[in-house]
Amino acid sequence: MKILLVDDEEELASTLAERLRIRGIDAHWAISAEQAMQRLEAETFDLAVLDVKMPKVDGLKLKQQMQAKNPAMRFIFVTGHGSSRDFETGASEVGADYYLVKPLNIEVLVAKIKEALQR
Amino acid sequence: MIPDAGVIGQSGLQFFGKMCASISHDIKNVLAVINENAGLLEDLCAMAEKGRSMDPSRLKRLAGDIQEQIRRGDRIVTGMNRFAHSADEASTDVDLSELLDLLAALALRFAAARGVRVQVNRPPAAVRVTTAPFLLLNLMWLCLEGAMATAGPGTVELAAENAADGACLRLCRIEGLKEAPAAFLSAEPKGALCLALKAQLSLDPEKNEMALRLPKNRV
């Protein structure tokens, strides 16, 4: 499985990708929608982990762009907004497989990635 | 008594909520980065326990990254503290450059979302007035929000200067100001805030500037 993490917090994206690689997941990262779409031009990803709030193009718009390029792609959203409403209804509202709140639990993220890819 | 207190109160609460939500988002990001760095340290330790070599410079770098995030978090919380205390007093002595620095820090995330950079130009001498800092921040935020929406991606400059009868705050490089709606100046709650601050807001479309004139003492 090959996944792409997109978060405007570069240190967060790169470190999270490294931790996922340690756990056997082929994880890559980008810090903007523009960078993510450039990668999609050249590579195929099975799943994207997208930050909801990003400058210029947010995670929701980016998901639409990515889906247009690769309809089979799965999505997990992460957000800094931590209300219970976000957590419970967020995923269905944005059409994502899962919706996680920062700071992330790496083992939960790994489990959700695996579940999403088995759907 | 503050004129149009109802309008200002509602607007002020919205402003306060919007800023707090943005600040909490920034703090969450700081915590998320610290969480991943600490997690990676844990991962590396677990790998070392299984016999894999550990590079001390890598650990040092990670510890440095965590310390940098703690400094970043401290800056955010210090700004939040200053913002929260801006509502303490109805009138107090305010350094307007410091107020603009705070406004620029509060606006950072909103500006980034629009591709705007907010730059504060510091004057050679301090510019001070006696005013209501929270109301002034609220009014300046509304002006800046309007300026960012009008200008689009680019740089918006903020500056404070002394004037004969008080001080003037300028928002400069607002591209497209000529096309700004005339109602922008008087639209509530800007009008009520100007009244409460005894301030005058004016546009100079030729210079792409917005100016807010403040009395030396609003009381």
Side-chain angles (χ1 to χ4, degrees), chain A residues 3 5-25 27 29 31-35 49-62 76-87 90 99-111 113, chain B residues 17-50 52-55 58-59 61-73 76 107-118 148 152-154:
Chain A
I3 76 157
L5 300 160
V6 190
D7 197 306
D8 58 313
E9 289 280 342
E10 182 171 352
E11 204 175 327
L12 179 60
S14 63
T15 311
L16 199 51
E18 185 171 355
R19 296 192 72 201
L20 289 173
R21 284 196 297 272
I22 288 171
R23 286 159 177 79
I25 295 171
W29 56 276
I31 56 166
S32 66
E34 191 184 359
Q35 230 180 56
V49 179
L50 306 179
D51 184 23
V52 176
K53 291 265 182 190
M54 288 191 290
K56 295 180 185 170
V57 179
D58 65 22
L60 306 182
K61 285 182 192 147
L62 177 59
I76 292 174
F77 278 103
V78 295
T79 181
H81 292 275
S83 74
S84 55
R85 183 192 161 277
D86 282 339
F87 196 74
Y99 198 98
L100 303 175
V101 178
K102 292 180 187 175
L104 297 171
N105 178 319
I106 191 77
E107 306 309 341
V108 171
L109 178 62
V110 169
I113 288 170
Chain B
K18 196 168 186 170
M19 294 302 125
C20 286
S22 173
I23 291 166
S24 72
H25 191 272
D26 286 341
I27 294 171
K28 278 270 196 179
N29 269 337
V30 169
L31 293 175
V33 176
I34 291 173
N35 183 56
E36 295 317 321
N37 280 327
L40 184 54
L41 275 173
E42 205 177 13
D43 291 346
L44 295 175
C45 288
M47 287 158 71
E49 280 169 1
K50 288 177 186 167
R52 191 152 160 190
S53 67
M54 188 151 53
D55 177 8
R58 184 77 210 279
L59 300 184
R61 226 171 28 244
L62 276 170
D65 289 344
I66 290 172
Q67 284 168 339
E68 176 49 38
Q69 289 301 320
I70 289 168
R71 283 192 287 273
R72 178 187 169 198
I76 294 168
L108 197 63
R109 176 163 287 278
F110 301 97
R114 292 179 182 274
V116 175
R117 193 169 78 92
V118 179
M148 291 193 296

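Here the structure is a predicted model, which is why all the values come from computation and not from measurement. Throughout, protein chains are lettered first and strands after them, A, B, ... in sequence-line order, and every chain is numbered starting at 1.
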Taking only residues two or more places apart in sequence, or in another chain, which ones meet B:Glu49 in a salt bridge (charged side-chain N to carboxylate O under 4.0 Å, His left out)? none
Pair A:Glu18 + A:Arg21: basic N to acidic O under 4.0 Å: no
Under 4.5 Å heavy-atom distance to chain B, tell me which part of A:Ile22 shows up: side chain, backbone, both or neither. side chain
Among B:Gly39, B:Pro153, B:Gly115, which residue has the highest count of heavy-atom pairs closer than 4.5 Å to chain A? B:Gly39
Counting N and O atoms only, with roles assigned by atom type, does the side chain of B:Ser22 sit under 3.5 Å from a partner on the main chain of B:Met19, one being a donor and the other an acceptor? no
Residue selection (most heavy-atom pairs with chain A, distance under 4.5 Å) from B:Met47, B:Arg58, B:Arg114: B:Arg58
Heavy-atom distance under 4.5 Å to chain A: side chain of B:Asp43, backbone, both or neither? side chain
Looking at residues at least two apart in the chain, or sitting in another chain, which of them share a side chain to side chain contact (heavy atoms under 4.5 Å, CB included) with B:Lys18? B:Phe110, B:Trp141, B:Glu145
Which bit of B:Asp65 comes within less than 4.5 Å of chain A, counting heavy atoms only: side chain, backbone, both or neither? both
Quick one: do A:Asp51 and A:Lys102 make a salt bridge, cutoff under 4.0 Å? yes
